[in-house]
Structures are given as C-alpha cells and as structure tokens.
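Sequence lines set the chain letters: A, B, ... in the order given, protein chains first and strands last, and positions in each chain run from 1.
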Amino acid sequence: MRSGYDVSMFATKLNRIAIWTMEYGAKPGSIAVCFVLVALLWTFPLQHVIAYPFVFLFFAAVMGSAWFGGAIAGYLAVVLSTLLITYLFIPPLFSMTVAKDSQSYLAAFILYAIAISIVSSARRRSESAVRSARDQLEDKVRERTAELLRSNLEIQESTRQLRMLTEAIPQQIWRADASGQVEYCNQHLLDYIGGSAETLRDGSFFSILHAEDASHFRQGWEAALAAGGRFEVEVRVRGADGGFRWFLVRGIPQRSQDSQITHWYGIHIDVEERHRTQQGLLSAHEDLSRFSRTTSLAEMAASIAHELNQPLTALATHAAACRRWLQADPANVSRASAAADMIVQESTRAANVVRRVRSLLSKTDYVREFADLNNIIVELTRLLRDDAIRRGISITLRLAEDLPKLEMDPVQIQQVLLNLAINGMEAMMKINGPKVLEIGTHSRGQDEVQVSVTDCGPGFSEQVKSKMFEPFFTTKPEGTGMGLAICRSIIEAHDGRVWAEQSPKGSSFQFTLKVSK
Amino acid sequence: MTKFGTEVETVFIVDDDSAICSGLCDLIESAGLKTQSYSSAEEFFESWNPGMAGCLVLDVRLPGMSGMELHAKLVESDIFIPVIIMTGHGDMPMVRKALKAGAIEFLIKPFRDEELLQAVELAFALDRNQRRADQLVNSIQARAEKLSERERQVMNLVTAGLTNRQIAEKLYLSIVTIKLHRRQVMKKMQAESLADLVRMSERISA
C-alpha cells in the first residue's frame with residue numbers, strides 16, 4: 001500500500017514536471033527555434049537584395065515568438081537571433097566576435113528585440129486576459145439563460161398545477177381585483193351559474209345573488225374592506241336552472257407590499273343542505289314553542305272556564321227555579337227561599353274559583369334585584385339576532401348611557417321586552433322597504449326610566465289601541481291574546497305603566513319603570 | 001214492578017256536580033215534574049229498569065264512564081229512553097256526534113230554563129209514544145202466545161195471503177177444519193178483519 005501510494009505520488013510529480021517542462025521549456029523553445037529558423041532561411045536570400053535585411057526578419061521572429069509562445073519564447077528568440085546574427089551576419093563573419101563599429105548596432109538590435117518581445121508578450125497577455133474574461137462572461141450569460149428558462153418552466157408548471165387544483169376542488173372559486181371585478185372563476189362556478197366569466201364582469205356579480213341577499217353581501221364586503229380582513233357571508237346564489245341555493249361565500253384579500261388590497265380570492269361552499277335542516281329545525285322549534293305556549297294557555301283557560309261554568313249553571317237553574325216557585329199559584333215561598341240559599345252558595349263557589357285562579361297566577365316568586373336595564377336589552381338583542389336576520393330586520397339600539405340601576409325582576413322585564421320585540425318584528429313581516437326595530441331607553445325626570453320598542457309596521461287603529469292590553473284580545477290568527485295582557489300585569493307589578501303610540505313609521509310600545517330610592 | 005203505562009214519568013239527571021243536580025231538580029220540580037238524580041253514569045245504568053218512564057238529562061263530562069259512552073251503551077243494550085245531553089263546552093263535532101247517536105237535544109251550560117223544560121216536554125212525549133207502541137206490541141204478543149200450534153200455522157199462512165183451499169192442501173186438512181181454525185184465530189187475536197190480523201202479525205214479527 002505504502003509503496004503504491006509513493007508510486008502514485010511520484011507519478012503525479014513526474015506528470016507535473018512534464019507539464020511544466022512542456023509549458024515553460026519545450027513549447028516556447030520550439031516556437032522560438034521555428035520562428036528564428038524561418039527568419040534565418042529568408043534572411044540568406046534577401047541579404048543579397050537589401051542591406052541588413054536580417055534586422056527586420058529577426059524582429060518579426062522575436063515578435064511572433066513572443067506573441068505565440070509567450071515571454072519565454074520571446075526572450076529565447078532574442079538570444080537565438082543575437083547568436084545567429086553575431087555568428088552569421090556581423091563581421092567578422094562566422095565568428096562570435098563583433099567588430100568594433102558593429103557593436104552599437106548589435107546592442108541596439110538586442111534592446112529593440114527585447115522591447116519588442118516585452119511589448120508583444122504583454123499585448124498577448126492582455127488580449128488573452130480579455131478573451132478569457134469574455135469567455136467567462138459568455139459562460140455566465142449562458143448559465144443565467146438556462147436558469148431563467150428552467151425557472152420559467154417551473155412557474156408555468158406550478159401555475160398549471162394551481163389551476164388544476166382550483167378545478168379539482170369541488171367548490172366554486174373566483175378571483176377579483178381590488179374593486180371587485182371578477183377576473184377568474186373556476187369551471188365549477190361557471191357550470192353552476194351556467195354562463196361564462198363575462199357574465200360576472202362589470203359588477204354583475206350581484207346579479208347572481210338573491211335580491212334579498214345582495215345588500216347583505218355588500219355589507220359583509222364593505223365591513224371587510226373597513227376592517228381590512230376577510231369576510232364571510234351566507235347568501236343565495238342563482239344556479240343555471242334559475243333556482244337558488246345557499247352558499248357560504250368567503251372572501252380573502254391579497255395585499256401588496258404597502259398593504260394595499262390588490263385582489264380578492266373567493267370561495268363558495270354549498271350549505272344548502274345544512275340550511276334546509278336548520279330551517280326545518282327552526283320552524284319545528286317555533287311551531288313547538290308556539291304550540292306549547294298556546295296549548296298550555298288554552299288548557300288553562302278551558303279549565304278555568306269549566307270551573308266557573310259549573311257554579312254558573314247551578315246559579316242559573318236555581319235562579320230560574322226560584323222565579324218559578326214565586327210565580328206559581330199559590331207561590332211556594334219555602335222552595336223559593338231554598339233556591340235563593342242555593343244561589344248564594346253557588347255565587348260564593350264561583351267567587352272562590354276566581355280567587356283560586358288569582359292566587360295561582362300570583363304564585364310565581366316575587367323577585368326584586370338591582371339590574372342594568374341596558375344590559376338586559378343588549379342580551380335580548382343577542383337572543384333575537386338569528387330571528388331578525390332570518391326576517392331581514394335590523395335592530396337598532398338607542399340606549400341612554402347614564403341610566404340609574406333599577407330594582408326589578410330581570411327575567412320578567414326581559415319577557416316583556418321579548419314580547420314587545422317579537423310583536424314588532426311580526427308586524428313588519430308584510431311591509432316592503434327597510435325593516436328596522438328600534439329599542440331605546442331614556443330617563444324621564446329623576447324617578448322614572450322609559451323604554452320604547454318601535455317598529456316600522458302598519459301600526460294599529462284606535463279601536464285596536466283601546467283593547468290591545470285586554471286579555472284574549474288578538475289580531476293574529478294564532479295569537480292567544482295574552483301577550484300584552486301579561487306584559488301589562490308585569491309592568492304594573494313593577495309600579496310602572498305600559499302604553500302604545502302611533503309612531504311616524506309604525507307603532508311604538510312604551511313602558512316605564514320606577515327608580516327606587 | 002209496576003204495570004206498563006202506570007208509572008210516573010220522571011226526569012233522570014246524571015251529573016257529578018251535586019250543585020248542578022240540585023239546581024236541575026229544583027227547576028224541573030218547579031215545573032211540577034218528578035226528578036231522580038245520579039252522580040255517575042254507572043250508577044244510572046245499574047239501577048235502570050224497564051219501568052223507568054221519562055227522560056234522561058246527561059252531562060258529558062263525568063268521572064268514569066262519560067255521558068257519550070253511557071248513551072252509546074243504552075242504544076247498544078236496546079234500552080229506549082230519550083236523552084238530553086248537557087255540556088260546558090259545546091264544540092260542534094261533539095254536538096253532531098250526540099245528535100247522530102239519537103240525543104233529542106244538546107244543551108250548553110249555562111242554559112235558560114225554558115230550553116231545558118221544552119226539551120223535557122218533547123222527551124216525555126217521545127217516551128210516551130214509544131211506550132204506547134211497546135205496550136201494543138206486548139198485548140198482541142200476549143194474545144199470540146195463547147194460540148195453539150196449528151192456529152199459529154194457519155194465521156201465518158192466512159196473513160201471507162193464501163186462500164183457505166191452498167192452506168188445506170198445504171197442511172193436508174179439509175177446508176172446513178181450516179175455516180174453524182181461522183175463526184178461532186180471529187177470536188183469540190181480537191182481530192176485526194183480515195187486514196187487522198195482517199197488521200198485528202207484522203207488528204209482532206218486526
């Protein structure tokens with residue numbers, strides 16, 4: 001192993017020496033010899049024609065050697081030329097001695113030759129440096145071009161993959177510019193709306209939305225613009241068959257370096273099924289709660305009616321009998337007075353029924369605690385929000401900030417507010433135009449706070465106004481007529497008042513609560 | 001047991017509310033009629049006997065068997081008594097059902113005295129008619145039971161429209177014998193004519 005290593009080391013060294021010898025010995029040597037020989041061969045015939053022709057030819061040989069063989073070859077050529085000239089051409093001929101009068105001439109020759117050799121080899125060096133720099137530059141350019149081509153291909157490929165991805169996703173996707181102009185949409189979206197991308201241009205994006213949802217969408221988008229974030233709205237989108245389906249539309253803004261929005265990316269997710277189930281559940285829930293509310297009330301009313309009807313019937317029959325006994329000829333006074341006793345007894349029984357019902361109703365626990373009325377209202381609007389959105393109603397709050405804390409039964413007051421709010425929302429079901437429910441609070445002097453629930457519904461007639469707070473009075477087909485009556489009893493139990501007013505737009509229900517001292 | 005036609009007509013009242021019972025009794029008695037009250041449908045049904053003439057004033061809502069159920073049970077048991085139904089809540093389906101089942105009046109509590117008394121009067125008249133009809137059938141039945149086997153045979157064939165000769169051939173008897181039987185039938189049934197006999201036989205066979 002060791003000897004092998006030595007051998008290879010030696011071989012490498014040898015090789016290096018060979019190259020070195022070739023580069024600095026053989027090659028410049030042979031070049032110099034060749035040029036000088038050529039000059040010599042031409043000088044012999046030419047010396048008979050021109051005096052001292054050797055000078056120029058040998059200069060040329062030095063120049064050529066330095067050019068092609070480098071500085072070493074140039075100097076070698078100078079030496080060879082000097083020797084040959086001294087030997088062959090400078091008298092005395094064929095001797096290395098130089099006559100006295102030719103010495104300056106030879107010296108000039110040598111100096112010129114050396115100068116030529118230096119200049120020529122320097123020129124040669126700078127030229128080859130320029131050439132190699134140019135070559136390097138060219139290489140670099142070639143490399144860059146190849147890189148550019150490759151990255152271009154990569155970009156094309158990734159674009160293609162991205163597009164394939166957008167087509168492969170089973171959702172509808174679009175891209176719009178900052179102003180909302182749709183620039184691209186995937187095939188799913190086009191298939192669904194049954195048109196080309198042109199149908200979505202020039203703001204006609206809204207044309208594929210349900211008329212009722214367009215403003216909702218715009219609001220969501222504008223809110224996202226203002227907040228600078230993404231938006232998410234649920235809207236109905238018209239399909240190719242003209243039918244609408246519910247979609248969750250999610251928009252995400254793309255920003256430039258200076259955080260300007262440059263594009264919007266949108267995705268439509270079909271939520272029709274979920275919506276249907278939800279709607280079904282909601283309406284089932286509503287039906288159920290309305291049903292249970294009305295049936296429990298109806299059952300209670302029926303039972304009270306029966307309880308009262310029995311003594312009333314007994315009363316009526318005894319009274320009729322009493323009259324008959326008295327009208328008989330002769331009048332049967334003892335039977336008549338017995339009947340009268342029964343009348344008294346039965347009227348007491350009827351009164352007891354009424355008393356029992358009353359005590360049953362007042363059985364609910366008496367609660368009075370300090371509560372923030374505005375808080376109750378804010379909480380209530382949270383409860384109502386879904387319902388309001390479904391009905392296309394916006395709820396506005398105008399709450400006075402410096403309300404005193406009031407002593408109340410918060411649950412009951414919330415019930416009153418809920419009742420008034422739902423009445424208001426139901427009143428607005430049939431109107432066109434903006435549906436706004438306004439709930440407001442304000443102080444009324446030092447010792448009262450007033451709450452108003454105002455709708456934009458059709459209002460009510462004077463006739464209705466006079467009866468609306470009475471039990472069993474209703475204008476709704478499924479109403480029990482108990483809602484406002486219960487509201488009034490709750491508010492009156494709080495030492496407050498409740499009344500209705502015609503507002504400029506619809507009806508306004510007001511109630512007051514006392515500030516406790 | 002009293003004899004048919006001689007019992008006193010009575011208004012039977014079934015209501016679980018004693019005050020209403022006493023009120024109804026008072027009112028009906030002031031009109032000079034006899035009353036009898038029961039607090040449940042079962043109580044009335046168990047104490048019923050064919051001698052109870054008059055009518056039934058029945059409340060719908062009762063503990064145990066309801067008024068409507070009692071009415072249905074009476075019809076099912078072939079007991080004839082005119083029924084006046086009372087209820088606190090007069091919903092139309094119930095009214096229709098009661099009238100369809102044969103109630104003669106439907107009163108919604110509280111009602112006026114005339115309404116009840118008029119209904120009772122109508123019920124009594126109906127009951128009287130029915131009882132008279134029943135009585136007639138019963139007396140014909142009693143007469144028919146006195147006929148001998150042969151006489152009954154002859155009566156059936158005569159009322160079926162056969163001539164004496166046809167009957168004689170059918171029963172393998174002489175015409176003279178048939179004539180004798182026939183005279184006997186007319187006498188026992190107290191029939192004044194052949195048409196009278198036919199009517200009687202229709203009544204008892206119905």
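Ion pairing between B:D113 and A:R323 holds under the 4.0 Å rule for side-chain N and carboxylate O.
Of the listed residues (A:R335, A:Q345, A:E346), the greatest number of heavy-atom pairs within a distance under 4.5 Å of chain B belongs to A:R335. For the set B:D17, B:D26, B:D15, B:I20, the count of heavy-atom pairs under 4.5 angstrom toward chain A peaks at B:D26.
Side-chain contact check for A:M342 versus B:S22: some heavy-atom pair is nearer than 4.5 Å. Considering only heavy atoms from C-beta on, B:P110 comes within 4.5 Å of A:N309 through its side chain. B:L27 places a side-chain heavy atom less than 4.5 Å from the side chain of A:R324.
Atom NZ of B:K97 is surrounded by 12 or fewer heavy atoms from other residues, nucleotides or ligands within 6.0 Å. Within 6.0 Å of atom CD in B:E114, more than 12 heavy atoms from other residues, nucleotides or ligands are found, so the atom counts as buried in its surroundings. In B:E121, the CD atom is not crowded: 12 or fewer heavy atoms of neighbouring residues, nucleotides or ligands sit closer than 6.0 Å. Annotation: A:R385, atom CZ; neighbour count of heavy atoms from other residues, nucleotides and ligands within 6.0 Å does not exceed 12.
Both the backbone and the side chain of B:E29 have a heavy atom closer than 4.5 Å to some heavy atom of chain A. Contact annotation for A:Q310: both backbone and side-chain heavy atoms come within less than 4.5 Å of a heavy atom of chain B. Heavy-atom distances place no part of B:L107 under 4.5 Å from chain A, backbone and side chain included. Of the two parts of A:A316, only the side chain, counted from C-beta on, holds a non-hydrogen atom closer than 4.5 Å to a non-hydrogen atom of chain B.
Residue B:K109 holds its NZ atom at 9.5 Å from OG1 of A:T317, rounded to the nearest 0.5 Å.
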